[in-house]
There are 2 protein chains.
Amino acid sequence: MTDLTDRQREVLTFIRHFLHEHGYPPTMRDIAAGFGFRSTNAAAAHVSALEKKGAIRRDGSRSRGIVLCDGPNRSNIIPFPRMEEPVSIPILGAISAGLPLLSEENVDETLMVDPFFTGGRRDQVFGLVVSGESMIDAGIKDGDYIFVRATAEAQSGQIVVAMVDGETTCKYYFPERHHIRLQPANSSMAPILWYPEDATDFQILGVVIGVYRRV
Amino acid sequence: MTDLTDRQREVLTFIRHFLHEHGYPPTMRDIAAGFGFRSTNAAAAHVSALEKKGAIRRDGSRSRGIVLCDGPNRSNIIPFPRMEEPVSIPILGAISAGLPLLSEENVDETLMVDPFFTGGRRDQVFGLVVSGESMIDAGIKDGDYIFVRATAEAQSGQIVVAMVDGETTCKYYFPERHHIRLQPANSSMAPILWYPEDATDFQILGVVIGVYRRV
DNA sequence: CTCCGTACTGTACATTAGTACACTATCGAC
DNA sequence: GTCGATAGTGTACTAATGTACAGTACGGAG
């Protein structure tokens, strides 16, 4: 591939640029127009040369059937994004108690993730950064990102994100006879018990469906 | 975009797959053939519907002029690396020792993830499913997905994925005077010691950069 | 000098591909 | 029931596109 002529390299760059601009490869006439060629054959000849020299691959005589063979390993296929439709997940920062959970004020940044991460659920999933070691025995550490399905209902034993007295916390959820027990996964920490007769507010924000940690 | 019909979503997924496979968008006839339509008009109608609903954009009547319009801002999707564009990560299954690590035979599925997950590294990151509890104290459990940057070099103390005697293993990496120590993060397990004079093969496949767990 | 590879022009043709139109059928809403 | 949206079949026409062939020109290798 290093044995391309200057002109051929220009053509290759043009193809790359075109792909970047449009999302699909150029035709011979696109190339010709791009260089001011008055003959499509000039473009065709260059494309043939590029193919012979292994810079590109061609899919038969299909229209726009030009595929770059780039990269250090000259792998055939450009890593074209997205097998499945990605889902957009807001990563929440400080959660203001008064606002709707997913209001813009709460969102720090937004991630695009594969539906794989959300278990196929397409919406109402948000992310949070874990603070503290209270769920360490569940494999959730300080600084981890947790993915949370927004729901007000949870099953006993699930890990939930709850708002208790204005603070968000991540704990195991156990509804019991007279109270709700939020159990840390850390033997040195005591559970939070919430009694309905308390004046404090309590609200389940969602159920944890995934954890991500940068190593 | 959530108001797509099931069939329309299938068509959109097909376009995505086609793009991924070929590097250029499908024609109406490609789509029709893919679904077994006996009329190109069926495909054209779906493409029109997708365009009307904003899932794709079309470049006039150019051949293969289909451009995906994904994401929250519905921007063009470009097949070329761009910051903030999702990255494609192969999830490896059983790793055959004889084959190149990222050869197709090893790949179970492919995930699209935000560069966030790979720390900005755009390539040579792959995924693995963890088997066993040897890294439990590092917060890596059986069944977790780990994201690995493919490299043959590691720093002491990093968590690596290595191939030892034909088996892949995930451990802390400590090069020592006369041997390499692969240290589990599990107090009940002994480290693996590898001596260069051993006949067994040893190879670092990569360094763990992230962990994901479905809860 | 000739020969060959590169770099084009110009014309023509066959195939590929987008679009239009007519028509059938199902399903849910009104 | 009627209407509209969805999901197709089938045919035909036109535009877009790849390719072939015949030239011109330049420059280096033999």
Side-chain angles (χ1 to χ4, degrees), chain A residues 1-19 21-69 76 85, chain B residues 1-19 21-69 76 79:
Chain A
M1 191 141 80
T2 49
D3 51 350
L4 295 181
T5 65
D6 288 349
R7 198 58 163 162
Q8 283 163 3
R9 195 173 302 279
E10 284 182 53
V11 173
L12 184 59
T13 300
F14 176 85
I15 295 173
R16 213 187 300 284
H17 194 262
F18 190 99
L19 217 31
E21 281 293 310
H22 296 81
Y24 47 81
T27 63
M28 300 305 172
R29 283 165 180 81
D30 289 328
I31 297 172
F35 284 87
F37 297 159
R38 312 176 73 174
S39 166
T40 59
N41 193 40
H46 277 122
V47 169
S48 283
L50 286 174
E51 186 189 16
K52 201 184 306 177
K53 294 185 176 178
I56 62 174
R57 193 169 51 77
R58 305 198 58 191
D59 267 16
S61 65
R62 320 189 71 175
S63 80
R64 304 180 189 276
I66 296 176
V67 183
L68 295 178
C69 293
N76 303 346
E85 198 171 324
Chain B
M1 192 140 83
T2 50
D3 52 348
L4 295 181
T5 66
D6 289 348
R7 199 56 163 163
Q8 284 162 2
R9 196 173 298 281
E10 284 181 53
V11 174
L12 184 58
T13 300
F14 175 85
I15 295 173
R16 223 184 288 286
H17 274 78
F18 191 99
L19 223 29
E21 282 290 311
H22 296 82
Y24 47 81
T27 63
M28 300 303 173
R29 284 164 181 82
D30 288 329
I31 297 172
F35 284 88
F37 297 159
R38 311 175 74 172
S39 167
T40 58
N41 191 41
H46 277 122
V47 169
S48 283
L50 287 174
E51 186 189 15
K52 200 184 308 179
K53 293 184 177 178
I56 62 174
R57 190 167 55 76
R58 304 199 59 193
D59 267 15
S61 65
R62 319 189 72 173
S63 80
R64 305 182 190 277
I66 297 176
V67 183
L68 295 178
C69 291
N76 303 351

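Reckoned from all heavy atoms, side chains included, excluding hydrogens, waters and symmetry mates. Naming: A, B, ... by sequence-line order, numbering from 1 per chain.
Taking a heavy-atom distance under 4.0 Å as the criterion, the stretch of DNA chain D touched by chain A extends 5' to 3' from dT17(D) to dA22(D). Nucleotides of DNA chain C lying under 4.0 Å from heavy atoms of chain A occupy a range whose first and last members, 5' to 3', are dT6(C) to dA17(C).
Ile66(A) places none of its side-chain heavy atoms less than 4.5 Å from the side chain of Tyr24(B).
Under the rule for a side-chain hydrogen bond (donor to acceptor under 3.5 Å, both in side chains), the partners of Asp30(B) that lie at least two apart in sequence or sit in another chain are Arg62(A), Thr27(B), Arg64(B). Here Arg7(B) pairs with Glu10(B) under the side-chain hydrogen bond (donor to acceptor under 3.5 Å, both in side chains) rule; sequence neighbours left out.
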Please tabulate, one pair per line, all N/O donor-acceptor pairs under 3.5 Å involving side-chain atoms of residues 34-41 of chain A, not counting sequence neighbours.
residue	atom	partner	partner atom	Å
Ser39(A)	OG	Asn41(A)	N	3.0

For residues 44-52 of chain B, which side-chain donor-acceptor pairs fall under 3.5 Å, sequence neighbours excluded?
residue	atom	partner	partner atom	Å
His46(B)	ND1	Ala42(B)	O	3.2
Ser48(B)	OG	Ala44(B)	O	3.2

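Contacts with DNA chain C (heavy atom under 4.0 Å) in residues 36-45 of chain A: Phe37(A), Arg38(A), Ser39(A), Asn41(A), Ala42(A), listed by number.
Both Arg29(A) and Arg29(B) lie close to DNA chain D; mapped to their nearest nucleotides by heavy-atom distance, the more 5′-ward contact belongs to Arg29(B).
Of the inter-residue distances, the one linking Ile31(B) atom CD1 with Ile15(B) atom CD1 reads 4.5 Å to the nearest 0.5 angstrom.
Within the structure, salt bridge (charged side-chain N to carboxylate O under 4.0 Å, His left out) contacts touching residues 39-48 of chain A (residues at least two apart or in different chains) do not occur.
The two residues Gln8(B) and Leu4(B) have their closest heavy-atom pair at OE1-CA, 3.7 Å. Of all heavy-atom pairs spanning Asp59(B) and Arg57(B), the tightest one is OD1-NH1, 3.1 Å.
Under the 30°/60° scheme for interplanar angles, the aromatic rings of Phe14(A) and Phe18(A) are found to be tilted.
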